[in-house]
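Before any comments, here is the structure.
Residue numbering restarts at 1 for every chain, and letters A, B, ... go by the order of the sequence lines.
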Amino acid sequence: MSKQHITATVNGDPVEFLSEAGATLLDALRDELGLTGSKEGCGSGDCGACSVILDGRLVCSCLVLAAEAEGRRVETIEGMAEGGVLHPLQRKFIEHAALQCGFCTPGLLVAAKALLETNPDPSESETRYWLAGNLCRCTGYDKVIRAVMDAGAELRQARVA
Amino acid sequence: MSQLDFLAPTSAEEAARALAASGAEGRPLSGGTDLLVQLRSGRLKPGLIVDLKKIPGAIGIREEGGGFVIGAATPGAMLGEHPSLGRVWPGVVEAASLIGSTQIQGRASMAGNLCNASPAADSVPALIAARATCVIVGPSGRRTAPANEIAIGPGRTSLQPGEFVLEIHLPPRGRRAADAYLRSIPRTEMDIAVVGAGVSLALDADGVITEARVALGAVGPTVIVAEDAAAGLVGTRADDAAMASLDAAVRAVCRPITDKRGTADFRTKIAGVLARRVAGIAYARAKEQK
Amino acid sequence: MTDVLDRPETGLNLKVVGTRPDRPDGVDKVTGRATYGADFSMAGQLVGKILRSPHPHARILSIDTRKARALPGVKAIVTGADFPEQASQEMEGGEGAANIRDIAMNCLARDKVLYDGHALAAVAATSSSIADAALALIDIRYEVLPHVTEVEAAMAADAPILDESRFTTGLEAKPDKPSNIVSRMQLKRGDLAEGFAAADVIVEGRYTTPAVHQGYIEPHACVASWSADGQCQVWASSQGQFMIRTYCAKILGVEASDIRVTPAEIGGGFGGKTTVYLEPVALALSRQAGAPVKMVMTRDEVFRATGPTSGAVIEVKLGAKSDGTIVAADVVLKYQAGAFPGSPVAPGCMTALACYDVPNFLITGYDVVNNTPKVAAYRAPGAPISAFGVESAVDELAGKLGMDPIAFRLKNAVRDGVKAAYGPTYKNIGYVETLEAIADHPHYRVPLGPNQGRGLAVGFWFNVGGESTAAVNIVDDGSAVVISGNPDIGGSRASMAMMAAEVLGLPVERVRPIVADTASIGFSMLTGGSRTTFATGMAVTQAAQKVVEDLKRRAAEIWDVGIDQVEWANGSALCLDAARNKPDLTLAAIAAQSGKTGGPIGATVALNAQGAGPGFGAHLCDVEVDPETGRVTVLRYTAAQDVGRAIHPAYVEGQVQGGAAQGIGWALNEEYVFDAGGRMENAGFLDYRMPVASDLPMIDTVLVEVPNPRHPFGAKGVGEVPIVPPLAAVANAVSAAIGVRMHDLPLSPPRIRAAVDTL
Amino acid sequence: MPRVVAAGGECQRFTGGATTFDVEAATVRRLIDKLDARYPGLGEYIDKRMAISIDGEIHQDVGAVALTPTSEIYLIPRIGGG
């Protein structure tokens, strides 16, 4: 089975890895690059735990072939905090107790970041629909939605200031 | 273990040649949101995957002759972001944007939705109601086919070995014309349509329907074009009586199955309900399209 | 928004307990660094995969693994024959008593497969694709047998029998034929016939609930390593590392002390990770291969082969006087156990009438095996099912009597001093308070629009204590480490740190909580049954108290005063002998000279915590129904619960919200769907349909605090209760909205439309 | 003398149908031993399958708990949880 040599940018850094043709981007991130923050909850794009941003678009990395990442830009949960400083979303998730087991949290955070970059002032309903592809079984979503909207408010304020 | 190869050609012809050479083993890849699931579950064991996204024009929307040309691998999210597509073909855009989550929208394409040939595909009734056509590339060149001729049964298409859809064309719209799409699912998101209905209408200056097309999803092996139901709308103002006969005419053509997602009886009833509601939305929109 | 009602005077001047500090493991979990089951890897590890039965019921005639073994890269293949023969024996380990032979046969079938997805054989190979190819080369011959999935069909006299040696227990007369009915249990009080004879109004109904899955997002995963010297290591995501150790030791016939289990972070469990599926198999593969083996389930495997909870039939007959006094109740519960005995019908029976003071009742429960996956615990096991039937019937009865549903429940409510239907006399319960909290909540007065309905339901759970070990060690800089043996499934590290900080008088940030492996802390029962904050919290508190005693002794030694002259307050020793004029000694100051006062400072407490207080909740739900499409929208949801005392209120609210959301999913859309061939048709998140963010409103919580005097800070278990009321709360709301009593879950659009069409 | 009531479970399998027992015992352990002497097999059944409620508190696996002549004692099925 021939492996393909892939070069891509992950969290701003150039990476290279070998990939089987059927391997997914999620497989490559976890098994080749050791970035296990993206999780596999279903392998079918239904839970969102593997969410990453690919060339600026939110996607499920389990539904992207690793080979498709050639020459592209991937952002994962591992790149969200900058130099040890948590992103406001990460801080707000902790503050609002928006995680219990924490397994869906990386995917939710990546998806929420994509939301706030697209729509800095989402309504509760917009937030809920944007995050509908991220299953969380522990929280009932209440505190997750509050944390995302609160982070949005903080980011808007920071922009004004 | 079967060998799997991956190619990302930079021209449509190259892609067609590679697919043709692989015979039944080859699969084109655009968004991959169906293909990768089938790959992983073992339902599909292709020998070659041909990524179409590097072909010029495969991703993107251009206006042409008053209509729109949508590249095969254009993700759903891009349709919603386009400045004019949603104004002219709101039903097509809302149907495509119902496919899956935000994450799926970042990848899934209407061409993929069409060629996956699921009877429940959300964008297909809308495309068919809109009289969309497809540019198909194959080893013997290009041809054009209406969207309703692509799927011929659940999971089966009329595409020949080596052929793939490169573009979807939406025709120009006149004044006082609009479309709409609705589906019924148990949750608010993330479900496959239990029933879907797309309606496209054109009105005269007095608000009388002059042209109607009704397409129904998940109530037959392929999308059903409800000709009688559409004909019944023509000449009306989508009043209550017209809506009641639309409901009945739609139910009369449904041939659904009972499965884990819904019973045949339920699907038939809901098809009538949705057709009424979606015709109402399309009618209201058409009146606004001055 | 959350109101903390009724916070009683405690006499305790609490500084940490009751506040909302950041959780100690928060940063790891928001940065992707936390290591869950599938995130751990070992050098040289192999990939383990399982071959599963495509038949729901079949005799295994032969398993031929020769071709698979010959495939290059295949390092080990095991089947049920690789586990030692087990006698049928009940043993402690996970969730109460379990039969170790059944658990072993669920991990790898012997003789027969009993459900679609039943594990038959496992392969370890050098890559995932080689393992897949090897599975395809294993040749199995079956004698396919007739199967039965539905509970009443399994109880029928002519049903296909799963185990010919099983005779129903608990009947008056000894049966002469084998049966799928494992046992019958009954609870009774008074005279049922007299009770119904005295009733002015009687309601009667038959209700059904489907099998549903816990739906944790993390699939089961482990890495197992069996060394040549017989020492075993397991890294696994579960609700109890000691449970894994006990079961693996028994199933594989090795000493428990030779197995060291390290708990990974757990991505949800809700009861579903209280038993083993992969770990004994991975160890057996590792032994054969001589290399570590990693196994990770797919979502399809999680649905087809790990524990859902029972599908059930619930028959309820209630009688009341015209003044609203319930005088008689007859409840029959028929619960699926799946492939092996052990449905949660016993707690289903015991909780069925736990909220009501009823003089005459009979509750009958049947535990029934059938050809679906063996059920596992799911949050308040058994209780939501019986509560669905009883709370629906109570709603109907209140309606017939023309009484407000809260007033009706208050009239029949259990209170301190009332004997519970399951026997004992209640004390320190806060049930009435939860009903009053709902009555007082603005939600109860929001006007409803057309096609909208409001539903109320209540629920009960015992809560348990049990065995836990905890250690508190003081570091020489004056900080502390708390070590416990319970995986942190929803924020328990935070509550452990908070309780220790409260006793030690330290800021919570200076207390570092650790979840240790089985070799590094004493035995602890698993995280489940809402026991951790209560029982392990008690061990942590007592260990911290021991440390404080030791700190006082050392201060006395340093000051050369009697220990009775030392008081501990705010993290410092105070000298009560004013004449000595000693400045306070901080914990850090004492710790800095621990070597001179007797060595390291620390204490370990191992206990069997008793006196967990029962919990009650009352939930209020508003829905809107689209009568044409049958779709339900949940508009508003409010949950009130007696939590004893909330140690970390935000995580208590989270438990209540999460439980309510799971219950709403159970009510509206979730179900196991089997085809005529007994195969699960919806083994994926797409068609299993758990609630997504846009399906739910904010879930308002009211934490009622009636403290449990048996816990140092008054805590009661909180995790189970919130899943008990929602099934009926939603169903009562839908029934009110459409004007038809809904008896069958899920309340899916086809079902609701069909009900509307009967009007 | 403490009175013990078996509620639920299948203690009757061992007791010939009796569900109420008067047993002179100062601790839970002695109580179980005496019940087992009276109804062979019941002790093991209680140890493995039953919890004991004493004055409204549920106890599991606690032999040393003291009983008084007025203790309210129920044998109930063991309780786990999710």
Is chain B contacted by the side chain of [X], its backbone, both, or neither, given a heavy-atom distance below 4.5 Å?
{"X": "Leu65(A)", "result": "both"}
{"X": "Gln4(A)", "result": "side chain"}
{"X": "Val52(A)", "result": "neither"}

Exercise. Quick one: which of Gly56(A), Ala67(A), Gly48(A) has the most heavy-atom pairs under 4.5 Å with chain B, could you say?
Key: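 The option with the most such pairs is Ala67(A).
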
Where [X] and [Y] come nearest, the two heavy atoms and their spacing:
{"X": "Cys62(A)", "Y": "Leu36(B)", "answer": "O-CD2, 3.7 Å"}
{"X": "Arg57(A)", "Y": "Pro75(B)", "answer": "NE-CG, 4.1 Å"}
{"X": "Gly133(A)", "Y": "Ser101(B)", "answer": "CA-CB, 3.4 Å"}
{"X": "Leu63(A)", "Y": "Arg107(B)", "answer": "O-NH2, 2.9 Å"}
{"X": "Trp130(A)", "Y": "Thr102(B)", "answer": "O-OG1, 2.6 Å"}
{"X": "Cys60(A)", "Y": "Gln103(B)", "answer": "SG-CB, 3.5 Å"}

Quiz item: ring pair (Phe, Tyr, Trp, His ring centres under 6.0 Å) with Phe103(A): which residues, sequence neighbours excluded?
Solution: Tyr36(C)

Self-check item: Enclosure of Arg277(B) CZ (heavy-atom neighbours >12, cutoff 6.0 Å)
Solution: yes

Practice problem: Could you check if a side-chain atom of Glu68(A) sits within less than 4.5 angstrom of a side-chain atom of Leu29(B), using non-hydrogen atoms only? | Solution: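 Result yes, sub-4.5 Å side-chain heavy-atom pair found.
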
Which value, rounded to the nearest 0.5 Å, describes the distance between [X] atom [atom1] and [Y] atom [atom2]?
{"X": "Gln38(B)", "Y": "Ser44(A)", "atom1": "CD", "atom2": "OG", "result": "12.0 Å"}
{"X": "Glu20(A)", "Y": "Leu4(B)", "atom1": "CD", "atom2": "CG", "result": "9.0 Å"}
{"X": "Thr188(B)", "Y": "Arg128(A)", "atom1": "OG1", "atom2": "CZ", "result": "9.5 Å"}

Quiz item: Between Leu35(B) and chain A, which part of the residue has a heavy atom less than 4.5 Å away: side chain, backbone, both or neither?
Solution: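 Answer is neither: Leu35(B) stays 4.5 Å or more from chain A.
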
Quiz prompt | chain A contact via Asp51(B) - which portion, at a heavy-atom distance below 4.5 Å | solution =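 For Asp51(B), the side chain is the part near chain A, not the backbone.
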
Exercise. Indicate yes or no: does Glu70(A) engage Lys54(B) in a salt bridge with an N to O separation below 4.0 Å.
Key: no

Quiz item: chain A: which of Met78(B), Gln105(B), Arg187(B) shares the most heavy-atom pairs with it under 4.5 Å?
Solution: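 Result: the option with the highest number of such pairs is Met78(B).
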
